[in-house]
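Below: one structure, written as structure tokens.
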Amino acid sequence: MINLIISGIGGQGINSLAKVLANVLLQSGYHCQFTIHKGGAQSLGSVYAEFRIDDQKLPTLGQGIPKGQLDILISLEPWEALRHVSLAHPKTQFWVETQLIPLFIERANERSIESPHAQLDALPEIKIHWESYQDIAQQKAETIKMANYFAGLNCILAINSHVNFSIKSKPNNIDTDLFDTLFFKQIPKAKKIT
Amino acid sequence: MNKLKGTFGDGNDAIAWAAQDASVNYISHYPGSPVNRVIDVLEADLHDESYIINHALNEHIAALSVMGTSLCGARSLLVMKHVGLNIAADPLNYSAVIKIKGGMVVVVGTDPGARTSTGEEDVHWYAAQFNLPLLEPTSVQNTYDCVKQAFEISEQTQLPVLVFVPGRIAYQSSLISRQKEEVSARSFLFEKDPENLINVNVRAVKNHRKHILRLQAFQQEYSQSNQTYFNPQASFGIVTRGASYSVCCEVIESLGLTEKVHLLNIELTYPLNINGFLVFAKNKKKVIIIEDQDGFLETMIKREAFGKVSCEVHGKNIFPIWGEISDEQVRDYLSEEFECKAPSNTVFSTALGQLDSPERPGSFCEGCPHRSSFYGIDKALNNQSCKSGGVYSTEMYSTGIIGGDIGCSSLPPHRTDWLLCMNAGIGISQGIAHLLPDQPLVSTGGEGSFFHGGVISLQSAVENNINLTHIIFDNRSVAMTGHQDSPTSSGKTDLGMLLKSIGVKHIFEVDAFVSSELTKAIEDAKQLEGVKAIWVQGDCALQPSAESLRRYKERTLIIHNELCDGCSLCYEELQCPAIVKDKKHTPPLLNDDSQLDHKRILQIDLNLCRRCAACLDVCPNNAIEVIDPND
């Protein structure tokens, strides 16, 4: 089984990406269930999607990934990566957006919080893949709103590289073209990549 | 490669699809998370289906309207969140005695852990108070099955049936397999039935008795709700319900306890048919009841099984009655009970537990009218609360009171003085204003909340000659729960005329994006006696009008740094997320921004800015410029 979390903040398209990813997994022969965690706010709050993925029928699973069992974390914001670190194990893959989105308490009280980058880089045994989803999105689609697309591509990459040691009977690799097709089909307002 | 069949859906989809597949005829609801999307799903399919949807203005009306349609023979669905059940409780107390005709199903979204609510009230006790059957699904598929089954049980017993769906199932997605039931077309007719509908005096007691007898007959014959798993020979038993079931399963499997534990899940938790439990408990030495919150199931089991079992029965003496039952709590308890070691990965993650990631609870969106409204209120009351940025300080309480309601206006940085239930803005404020007429105070609330119950509260203040200023944030949307229409966006209600006709003498209309207008209105209202209403108008940023969209496309906003003296009102006090420190001056990976200590270099991030221009009114130095080709 693979346990995956995609995290970020409200408005970054975590929910839409999760729905696309679920269908990509489904059409690639995987079984999965996922849960979206969001607060009451329409935007700017912590949001994360939690996936349980396997190549065979999933057993009955609770709604949270247990501590020490998170295999892949894709985060669109560094604080939101740090939030889930307590679920990690030494081989967890971390793919994290570099660009920080400020916390509001930081505006009046900046010095009290240690940088998430430094905290993440200091983690024992864990190597963080720092990514620039927002910058790439700005360059290739002229809007940072498309950062979720590039984070999604990383999800596919991470799952494909993970199946080698996580799932017993290895199914076919997930095709990134399928992700591309379903992303633009399911999110009609998404801006095309140039 | 096998392609899997079925459709992905979450708990909200499951509820809606089950209602469709059970040929529901009528739906009424009041929006609320975690079941806020049910109606969106039903409404999207409205053209293919023959049901009617009633978007009730509160849960009380929603409950009564489905009682009406059910009496006419229609299959009827009522949807609301847990706190809504308080509002619907009065009519639902009568729903059992009236001998409904069409199946009536009451779906309630519960929120153990208060993920999307102001409280995690355990509404299970209402099932025992209403004396209505209660089904508790364990998964998304099971939610679909339970809602469908609930219609059948309801028609069989002539009782409404409750289905409680907790947040963690409502927002979970998995494949759902659907099966449309063949239900013959119905004709609807209200038949006069004074025996059951004129419920008073001797007849009220007689109807109560008949209701309880119907419920008891159902309790005796309905035994299919108990499912057992793992080893029936084990002397250790776990009993569970709802979302805790899957948590128990995963922990039992992962600790390798499938041979040592016998698990019983109970789907119909009220009225409890105890026979299943008695059979289960016969060979047990110890039984643990694992469930979220108050221990409703434990209470019911102990009530029904008293003197009939010899094993130990534990529950809330072990697990907390607050929050959700977590994987960790169950794992810790069972590893100790069976002396199994925690997996090594858990040891690693415990070492990581000390990291610092502050809570990020969300806030007003960019371009939200509430942001500048609260800025204007704070200015009028001379409050400094905004500066604390969500961190409470004692100075906040020394100045004016801001009565708070529920909805987007209650989002962080929580500038109101309380955040409790619907209508608490006008409600609590009028008590304080009545007692302390000289206390600087304004009450607030959105227009959704105003139509939910606020109209009567304000009228009550008028009738009692209370000196009260109430601010209605009219963003023309019930925004927080997914942008449902409100009476001001539908255009069917004239709020100004309504206020006048309930006796509000002074009505101020202000533009939400010009905070000084609101500040002035509050100051002017202070000079006047009686009930004053300030109608703050500004569309929800996520439901923009044509004009807002034009501005978004055509306008540009810039901060002229040479005019900015770094007062930081826009950044720290207005707290617009689109006003940011110049990215060029923010080191990307280092924790060293000492160069910014003395002078802030602010700019507007046009990727985020909605061009509402609320910052323009806030800047004392005219450093912000709006460039609009139409001006």
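In what follows, every heavy atom counts, from backbone to side chain, and hydrogens, waters and symmetry copies are set aside. Note on naming: letters A, B, ... go to the chains in the order of the sequence lines (proteins, then strands), and numbering restarts at 1 for each one.
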Between A/Gln63 and B/Ala243 the two heavy atoms that sit nearest each other are OE1-O, 3.7 Å

Let me confirm one number: the CZ-NE2 distance from B/Arg168 to A/His37, rounded to the nearest 0.5 Å. 9.5 Å

Most heavy-atom pairs under 4.5 angstrom with chain B, which of A/Ala22, A/Gly11, A/Gly64, A/Gly10? A/Ala22

Scanning both residues in full, the closest heavy-atom pair of A/Gly62 with B/Glu250 reads N-OE1, 2.8 Å

Region of A/Ile126 that comes under 4.5 Å of a non-hydrogen atom in chain B: side chain

Holding to salt bridge (Lys or Arg N to Asp or Glu O under 4.0 Å), I want the full list of residues that pass it with A/Lys191, two or more places apart in sequence or in another chain. A/Glu142

Looking at CG of B/Asp605 and CD1 of A/Ile144, how far apart are the two atoms once the value is rounded to the nearest 0.5 Å? 6.0 Å

Closest approach of A/Arg83 to B/Pro358 (non-hydrogen atoms, all atoms of both residues): NH2-O, 2.8 Å

From B/Leu608 CG over to A/Ile101 CD1, what is the distance, rounded to the nearest 0.5 angstrom? 7.5 Å

Answer whether the closest heavy-atom distance between the side chains of A/Lys67 and B/Arg331 falls below 4.5 Å. no

For the NE2 atom of A/His31 and the OG atom of B/Ser174, what is their distance to the nearest 0.5 Å? 12.0 Å

Heavy-atom cut-off 4.5 Å, strictly under: side chain, backbone, both or neither for A/Pro59 against chain B? neither

Do B/Leu175 and A/Leu26 touch side chain to side chain, with heavy atoms closer than 4.5 Å? yes

So, taking the atom named CD in A/Gln33 and the one named OG in B/Ser139, what distance separates them when rounded to the nearest 0.5 Å? 9.0 Å

Quick check on A/Glu125 against chain B: is it the side chain, the backbone, both or neither that has a heavy atom closer than 4.5 Å? side chain

May I ask you to check whether B/Asn607 and A/Gln138 show a side-chain donor-acceptor distance below 3.5 Å? yes

Check whether B/Tyr229 gets within reach of chain A through its side chain, its backbone, both or neither, counting any heavy atom under 4.5 Å. neither

So for B/Ser173, is it side chain, backbone, both, or neither that comes closer than 4.5 Å to the heavy atoms of chain A? both

Chain B contact via A/Pro78 - which portion, at a heavy-atom distance below 4.5 Å: neither

Minimum heavy-atom distance B/Cys365-A/Leu44, with the two atoms named: CA-CD1, 4.2 Å

Atom group of A/Leu123 that falls short of 4.5 Å from chain B, counting heavy atoms: side chain

Flag the one option from A/Leu120, A/Thr92, A/Leu58, A/Thr35 with the top tally of heavy-atom pairs under 4.5 Å to chain B. A/Thr35

In terms of heavy-atom pairs under 4.5 Å with chain A, the winner among B/Cys249, B/Gly167, B/Ser246 is B/Ser246

